[in-house]
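Quick note on labels: first sequence line is chain A, next is B, and so on, each numbered from 1. Both backbone and side-chain heavy atoms feed into the values below; hydrogens, waters and symmetry mates do not.
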Amino acid sequence: MLELWIDRGRIESVAVHDARILDVGEVPARLVDALQGRRVQRVERRGKWLRVALDDGAFFSHLGMTGKWAEASPKDEPLRFERVRLDVVVGRAKRSVRYLDSRLFGRFAAPAEDLPIWRALGPDPLVDGIDVGALHAKLQRRKLAIKPVLLDQKVLAGIGNIYATEGLFTARIDPRRAASSLTRLETGAVARGLRKALLKSLARSTEDSITYVQEPGADNPFLIYGNEGMPCPRCKRPLGKMVLGGRGTVFCSRCQR
DNA sequence: AACGGAACCTGAAAGC
DNA sequence: TGCTTTCAGGTTCCGT
């Protein structure tokens, strides 16, 4: 959506309302300077990062877990949880886009060079696809449990706790299994499970809004995430939950081996 | 290098 | 009812 709102536009003004979404040591004034007057050339996504290429440089936006871009009118007052505001002229239209983030886990940056973290991202399952052989080789080198390895953005970009949980359930793999113990066949199943979970979520997202599971009124659209204690959709036994790599992990002890 | 655990932050939900 | 505590998530940092 952000792409639709600002592509080919010229950034008229920038306001950073809360500097906590910037990198440590970064100051709003420098960022404003880097963006003002620049033209947006394209918007790309890899994993949880957006990279907005400008005629000179680029800016990066990570949505954390509660971040979203929203379109507003330039006349509108700051929206609830607004942290950054960009006013853009696209053709004859004046648009104002706002970065909203209640929990401030997101990030906003306009570095001179591409962020190292962006360059280090693994392949994005939807943008780049998953090369099962390459993934299998990568997993072979990791002794850690498969679930925390999937959360490593250098392995695959964009896999968070929800998709790792869902993908492993679909692949019928126990999240505690050592990553190195997965066969190539099982790695293929995980790759398909992850893609399926991501695509399902993408299909669910409406034209112009993101609804997070945590938001009131949103019902749980996931197979097992958030459903601990409820019947497994496959075998009907109650789903278990444990902490793995510091994150809650729902699983079925019968279906996932 | 690889790993575990705590910290960051705040709204919602659960507990009292 | 209203206050307090706990929990969730993605990432970074610190110690081992």
Side-chain angles (χ1 to χ4, degrees), chain A residues 16-26 45-51 60-70 78-84 98-109 111 114-122 124-125 137-169 175-182 194 197-198 201 205 210-230 239-251:
Chain A
V16 178
H17 305 313
D18 194 319
R20 286 177 294 178
I21 60 152
L22 305 180
D23 281 321
V24 280
E26 180 64 280
R45 178 193 70 79
R46 266 174 74 211
K48 303 162 190 170
W49 283 95
L50 293 174
R51 179 181 186 274
F60 293 83
S61 168
H62 189 295
L63 301 182
M65 55 174 289
T66 52
K68 60 169 80 172
W69 284 92
L79 305 176
R80 195 176 183 212
F81 306 129
E82 182 174 314
R83 312 301 187 187
V84 175
R98 319 289 178 89
Y99 176 67
L100 319 178
D101 189 355
S102 66
R103 291 186 192 177
L104 290 166
F105 271 23
R107 208 123 68 83
F108 189 75
D114 278 357
L115 289 177
I117 196 161
W118 163 268
R119 285 190 298 224
L121 288 175
D124 180 288
K138 217 175 255 186
L139 296 183
Q140 288 280 290
R141 298 194 292 269
R142 305 291 297 265
K143 286 182 207 157
L144 208 60
I146 180 64
K147 176 151 175 282
V149 169
L150 292 177
L151 296 179
D152 182 346
Q153 301 299 298
K154 295 192 283 295
V155 173
L156 290 172
I159 305 302
N161 200 36
I162 292 173
Y163 299 112
T165 299
E166 297 281 293
L168 287 170
F169 173 75
R176 293 165 291 193
R177 286 266 303 277
S180 57
S181 76
L182 266 69
L194 292 171
L198 289 166
S201 168
S205 68
I210 303 176
T211 306
Y212 286 102
V213 210
Q214 296 88 348
E215 288 180 10
D219 51 15
N220 180 343
F222 302 114
L223 293 171
I224 65 168
Y225 177 82
N227 289 350
E228 59 272 24
M230 316 236 289
L239 294 166
K241 184 169 182 179
M242 65 188 159
V243 175
L244 206 51
R247 292 289 164 231
T249 304
V250 180
F251 69 109

**Request:** Starting from P on B/dA2, measure out to CD1 on A/I146 and report it in whole angstrom.
**Result:** 15 Å
**Asked** How many Å lie between CE on A/M65 and C1' on C/dG9, as a whole number?
**Response** 3 Å
**Asked** Roughly how many Å is it from NE2 in A/H62 to P in C/dG9, rounded to a whole number?
**Response** 15 Å
**Prompt:** NA contact type, A/L151, heavy-atom cut-off 4.0 Å: base, sugar-phosphate, or nothing?
**Reply:** nothing
**Asked** Between A/P125 and A/I159, is any pair of side-chain heavy atoms under 4.5 Å apart?
**Response** yes
**Asked** Are OP1 or OP2 of B/dA1 and a side-chain N or O of A/R141 less than 4.0 angstrom apart?
**Response** no
**Request:** Select one nucleotide: of B/dG11, B/dT10, B/dC3, the one nearest the side-chain heavy atoms of A/K143.
**Result:** B/dC3
**Item:** Nearest non-hydrogen partners of A/P175 and A/I146, listed with the distance
**Value:** O-CG2, 3.4 Å
**Prompt:** Closest to the A/W49 side chain: B/dG11, C/dG10, C/dT11?
**Reply:** C/dT11
**Asked** Does A/R20 have a side-chain nitrogen or oxygen under 4.0 Å from the phosphate oxygens OP1 or OP2 of B/dT10?
**Response** yes
**Prompt:** The side chain of A/L144 lies closest to which of these nucleotides: B/dG4, B/dT10, C/dG10?
**Reply:** B/dG4
**Request:** Send over the distance from A/R83 CZ to B/dT10 P, rounded to a whole Å.
**Result:** 7 Å
**Asked** Taking CD1 from A/I162 and P from C/dT11, how many angstroms apart are they, rounded to a whole number?
**Response** 13 Å
**Fill in**
Heavy-atom nearest nucleotide on DNA chain B taken for A/G246 and for A/R80; more 5' hit belongs to A/G246
**Request:** Between C/dT11, B/dC9, B/dG4, spot the one nearest the side chain of A/L104, thanks.
**Result:** B/dC9
**Asked** Is there a side-chain contact between A/F108 and A/Y99 (heavy atoms, below 4.5 Å)?
**Response** no
**Prompt:** CZ of A/R103 versus P of C/dC7: gap in Å, rounded?
**Reply:** 14 Å
**Fill in**
Note: for A/V149 and A/F81 on DNA chain B, the residue whose nearest nucleotide lies more 5' is A/V149
**Heavy-atom check, side chain of A/L244 versus side chain of A/R176, under 4.5 Å** = yes
**Request:** Under 4.0 Å between any heavy atoms, over every strand shown, what does A/K154 touch: base, sugar-phosphate, or nothing? Just pick one.
**Result:** nothing
**Fill in**
Between NZ of A/K48 and C1' of C/dG9 the distance, given in whole Å, is 9 Å
**Message:** Does any part of the side chain of A/F169, heavy atoms only, come nearer than 4.5 Å to the side chain of A/V250, both counted from C-beta?
**Reply:** no
**Side-chain N,O (A/Q153) to OP1/OP2 (C/dT11) below 4.0 Å** = yes
**Message:** Rounded to whole Å, how long is the line connecting atom CG of A/L63 with atom P of C/dG10?
**Reply:** 12 Å
**Message:** Categorize A/R247 for me: base, sugar-phosphate, or nothing, with a 4.0 angstrom heavy-atom threshold over every strand shown.
**Reply:** base
